[in-house]
Amino acid sequence: MPKINRIFGREILDSRSNPTLEVIAILEDGSFGMSSVPSGTSTGTSEAVELRDGDNTRYFGKGMLKAAGNVNNVINKAIAGQSFNSTLDLDQFLIRLDGTPNKANLGANAILGVSMAFTKALALSSKLPLYKYIAMLSDNKNKLFIPIPVFNMINGGKHGAGNLDFQEFHVMPSRKGTFASMLETGVEIYQTIKKLLSRRGAIHSVGDEGGFAPNLFTNLDALEILVESITECHKKPTVDVELGLDVAANSFFNDGKYTIKDRSSPMDAGDFIDYLRDLNSQYHLRLLEDPLTEDDWKNWSNLTQELGANTTIVGDDLLVTNKDRVVKAINEKSCNGIIIKPNQIGTVSETIAVVKQARAANWKINVSHRSGETVDTFIADFAVGVGSDYAKFGAPARGERVVKYNRFLAIENELGIV
Ligand code: PGA
Ligand code: ZN
């Protein structure tokens, strides 16, 4: 393997106008990789540490000069001139260099930026497209395919305008044809939602992930708009196009109760599970993400026991792409699907290890962007490489989302599917 010539980090902006980190890795043979790190706002408490400057004289304390400095000084000094056999070797070196369990020292953002940039450089050096290189890293010998896109059409919770409690209202075209045709269906529904919302005078704006953030009265209203739009596009809801939700329950869980607009009084976990059961029998959700708060393990198991046969119960804040939490969830049968976000754990190889754990438990895999994104398409190649069932990259709108769906179109072409 060629030696690392130099690693370089700098502060750039993400899609929400917050600073984030860009990293360039240059190898001795001239191969290079450039990556940028996404950032969440509805984060799980157990995520690895995103290092921000905390200097209130710049970007309200959100600067990333410290993380960039860690790349340029600490990490570059430690690895320039060295050769690593694979991403795994480099990642293990970086984990030791950091020395903390949650990457608090160098920052998971700094470490992930280096891990992704190095992986891209190695792929180039090996003359492989990134998705094939990731497939190799993850021992995925299956035929490669494009995951089903999970389009986030309506944005509420922390990503919206404040009047919907649930964070994401998803539509997923069923896998009948190519990814290109699933994208076309998604776009037609997206444009139809816009038309229907305008008709109701409910358009507010779009939210952080490009979905609409409308003025509606209840969460149920948002689901109704999805059903109406799917039907108006001459598709059958739940047959041609399935529905999903990222409830992101942490964001409306206070003092042991769930408070949403659809009910006049706060609900305890039992009542909220009853509510979700009714909702599910009405809308036949394919994916139900973070339906409960992140530490209510017992009720996650109850809910999965009740609904898991027909609906994939997906852990995001519950699992935070963390192997120990995944082990616990497998043992307790807490869920049967997982959101995979590399920056929740902070290296490419640890992310791959969690995909393998989840796969071995027969869970559905949903590789996901963050609400604060860049135009990096690493995650699209990653999703194809690891053989993810689903990919959640936001609405089919806004550059930082569309660039990833467009990358799928290119990969689909390369794979010879279209
Ligand atoms: P985040 O939200 O990127 O703001 O954490 C995404 C999600 O909860 O799935
Ligand atoms: Zn989520």
Side-chain angles (χ1 to χ4, degrees), residues 1-2 23 25 27 29 31-38 83-92 94 112-150 175 178-180 182-183 321 323 326 337-369 376-393 403-418:
M1 283 292 168
V23 176
L27 307 185
D29 67 357
S31 310
F32 73 99
M34 189 167 175
S35 73
S36 42
V37 183
S83 153
F84 295 89
N85 273 333
S86 68
T87 300
L88 179 66
D89 283 359
L90 172 76
D91 288 348
Q92 285 174 345
L94 294 175
L112 180 67
V114 174
S115 180
M116 292 194 298
F118 179 69
T119 304
K120 285 186 180 182
L122 276 189
L124 203 63
S125 176
S126 318
K127 300 195 171 28
L128 283 173
L130 183 58
Y131 59 91
K132 284 198 179 149
Y133 193 75
I134 301 267
M136 206 181 73
L137 287 181
S138 54
D139 303 314
N140 178 12
K141 300 193 176 67
N142 298 324
K143 194 165 181 287
L144 297 180
F145 60 89
I146 310 291
I148 293 177
V150 176
R175 185 190 287 290
T178 57
F179 167 73
M182 293 192 274
L183 183 61
T321 319
K323 68 172 186 331
V326 170
I338 183 170
I339 289 288
I340 296 286
K341 295 170 173 167
N343 83 323
Q344 286 181 325
I345 187 65
T347 61
V348 172
S349 51
E350 286 170 290
T351 311
I352 289 174
V354 170
V355 171
K356 286 185 180 172
Q357 267 181 302
R359 177 71 73 216
N362 254 327
W363 287 2
K364 293 288 181 203
I365 314 286
N366 188 355
V367 168
S368 167
H369 68 163
D376 194 340
T377 54
F378 183 93
I379 199 76
D381 284 72
F382 186 89
V384 174
V386 300
S388 186
D389 303 285
Y390 296 97
K392 185 170 88 141
F393 300 158
V403 73
K404 294 163 180 65
Y405 292 125
N406 286 343
R407 175 69 187 141
F408 274 169
L409 289 173
I411 297 176
E412 185 163 74
N413 273 172
E414 276 183 34
L415 291 175
I417 301 168
V418 285

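Just the heavy atoms: all of them, side chains too, but no hydrogens, waters or symmetry mates, feed the values below.
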Heavy-atom side-chain contact between Q92 and F84 under 4.5 Å: no

Smallest separation among heavy atoms of P2 and S125, with atom names: CG-OG, 3.4 Å

F145 atom CZ, neighbour heavy-atom count above 12 within 6.0 Å: yes

Heavy-atom pair of closest approach, residues M1 and S83: O-OG, 3.1 Å

Value rounded to 0.5 Å, distance of CZ in R407 from OG1 in T377: 5.5 Å

Plane angle bin for F179 and Y405 - parallel if under 30°, tilted between 30 and 60°, otherwise perpendicular: parallel

CA sep, side-chain torsions, deciding dist, call: L112, V23, side chain to side chain contact (heavy atoms under 4.5 Å, CB included): CA-CA 9 Å; L112 180 67; V23 176; over 6 Å; no

Note, V114 side chain near L90 side chain (heavy atom, < 4.5 Å): yes

Backbone of G113 reached by a side-chain donor or acceptor of S35 within 3.5 Å: yes

Side-chain donor or acceptor of E412 paired with backbone N/O of A180 under 3.5 Å: yes

Heavy-atom donor-acceptor pair, S388 side chain to I365 backbone, under 3.5 Å: yes

Sub-4.5 Å side-chain heavy-atom contact between V384 and P147: yes

E350 side chain reached by D91 side chain, heavy atoms, under 4.5 Å: no

Separation of F408 CZ from I411 CD1 (nearest 0.5 Å): 6.5 Å

Worked verdict on D89 versus F118 for side chain to side chain contact (heavy atoms under 4.5 Å, CB included): CA-CA 11 Å; D89 283 359; F118 179 69; over 6 Å; no

Gap between atom OG1 of T347 and atom CG of L94 - 0.5 Å precision: 8.5 Å

Summary of salt bridge (charged side-chain N to carboxylate O under 4.0 Å, His left out) pairs that have at least one residue in residues 339-348, sequence neighbours excluded: D316-K341

Step-by-step side chain to side chain contact (heavy atoms under 4.5 Å, CB included) determination, V354 to I345: CA-CA 10 Å; V354 170; I345 187 65; 5.7 Å; no

Spacing of NZ belonging to K404 relative to CG belonging to D376, to within rounding of 0.5 Å: 6.5 Å

Under 3.5 Å side-chain donor-acceptor pair for S138 and N140: no

Any donor-acceptor N/O pair, N366 side chain to I339 backbone, under 3.5 Å: no

Separation of I379 CD1 from K392 NZ (nearest 0.5 Å): 11.5 Å

Close side-chain approach of M34 to K120, heavy-atom, < 4.5 Å: no

Heavy-atom pair of closest approach, residues A135 and L144: CB-CD2, 4.1 Å

Worked verdict on T321 versus T351 for side chain to side chain donor-acceptor pair (under 3.5 Å): CA-CA 7 Å; T321 319; T351 311; over 6 Å; no

Any donor-acceptor pair under 3.5 Å from D389 side chain to K364 backbone: no

A25 versus A121, closest heavy-atom pair with distance: O-CB, 4.0 Å

Side-chain heavy atoms of Y133 within contact of S126, under 4.5 Å: yes

Distance in Å, L128 CG paired with L122 CG, rounded so as to fall on 0.5 Å steps: 10.5 Å

L88 side chain reached by L137 side chain, heavy atoms, under 4.5 Å: no

D139 and R359 ion-paired at < 4.0 Å: no

V348 side chain near F382 side chain, heavy-atom distance below 4.5 Å: yes

